[in-house]
Amino acid sequence: MAITDDLRKTLSDPTPLYFAAGTADLALQQAKKVPALVEQLRAEAPARIDAVRNTDPKAVQEKAASRAKEAQATLQAKVGEFIGALDVKKLGETAQDLALRGVGVAAEYAVKARETYEKVAEHGEQAVKTWRGEAAEEIEDLAIAVEGKPEPVEVRDDEPKPAGAKAEPAAEEKPAAKKAPAARKTTSAKKTTPSAKGE
């Protein structure tokens with residue numbers, strides 16, 4: 001029973017689907033940026049190519065050699081410091097500290113991954129709602145374009161009614177509309193009455 005309940009819960013949870021929809025929507029948003037980046041690269045490419053052609057290979061080689069010598073000297077100094085400071089007791093403590101830090105970092109990344117998953121799922125849910133709303137609006141616009149503006153629908157009975165029957169509902173509607181302004185005058189009169197007592 002517990003397994004089937006878990007399966008039902010898992011299969012009825014729409015979050016993975018919303019996550020997929022959110023991922024697709026975010027990918028679409030990023031894909032819309034690609035043409036602008038391509039145009040930017042296309043505009044910058046000739047200048048970069050000219051810069052590479054005009055660069056002296058000997059100067060580049062000298063810079064690379066000087067950087068390699070600096071890196072080698074720095075590395076030798078660090079190794080010397082590490083060997084000089086090497087203590088077996090401290091090394092064990094450091095290893096334990098690093099292991100605990102690793103566990104903490106892993107837990108932090110797991111929390112961040114879950115938060116990101118939930119954010120993308122929420123984005124996907126909003127995207128799905130937007131898609132559904134846009135689809136409904138597009139269908140409505142299409143229906144209006146094809147059929148013309150919808151007119152109010154009147155409910156008709158198949159039996160013919162006398163001419164006097166049509167006039168009665170219209171007469172009933174007019175007095176109801178006239179009663180509303182009369183109620184407003186009454187409330188405004190009530191408001192002036194308390195102020196008159198205060199004077």
Who pairs with Arg101 by side chain to side chain contact (heavy atoms under 4.5 Å, CB included), at least two apart in sequence or on another chain? Asp97

Quick one: list whatever passes side chain to side chain contact (heavy atoms under 4.5 Å, CB included) with Asn54, sequence neighbours left out. Asp50

For residues 32-39, which side-chain donor-acceptor pairs fall under 3.5 Å, sequence neighbours excluded?
residue : atom : partner : partner atom : Å
Glu39   : OE2  : Arg42   : NH1          : 3.3

Please tabulate, for the side chains in residues 109-116, all donor-acceptor contacts under 3.5 angstrom to protein atoms that are two or more places apart in sequence or on a different chain.
residue : atom : partner : partner atom : Å
Lys112  : NZ   : Glu108  : OE2          : 3.2
Arg114  : NE   : Glu118  : OE2          : 3.1
Thr116  : OG1  : Lys112  : O            : 2.8

Side-chain hydrophobic cluster, 4.5 Å single linkage: members besides Tyr117: Phe19, Leu26, Val120

Without placing hydrogens or testing angles, list every side-chain donor-acceptor pair under 3.5 Å for residues 60-80, not counting sequence neighbours.
residue : atom : partner : partner atom : Å
Ser66   : OG   : Glu62   : O            : 3.4
Ser66   : OG   : Lys63   : O            : 2.8
Thr74   : OG1  : Glu70   : O            : 2.8

Residues two or more places apart in sequence or in another chain: which of them pass side chain to side chain contact (heavy atoms under 4.5 Å, CB included) with Leu17? none

For Gln30, give me all partners under side-chain hydrogen bond (donor to acceptor under 3.5 Å, both in side chains), at least two apart in sequence or on another chain. none

Residues at least two apart in sequence or cross-chain that pass side-chain hydrogen bond (donor to acceptor under 3.5 Å, both in side chains) with Arg53, listed by chain then number, are none

Which residues pass the side-chain hydrogen bond (donor to acceptor under 3.5 Å, both in side chains) test with Gln126, not counting sequence neighbours? none

Applying side-chain hydrogen bond (donor to acceptor under 3.5 Å, both in side chains), can you list everything that pairs with Thr23, at least two apart in sequence or on another chain? none

What residues form a side chain to side chain contact (heavy atoms under 4.5 Å, CB included) with Pro14, not counting sequence neighbours? Tyr18

Considering residues, nucleotides and ligands other than Glu44, do more than 12 of their heavy atoms fall under 6.0 Å from its CD? yes

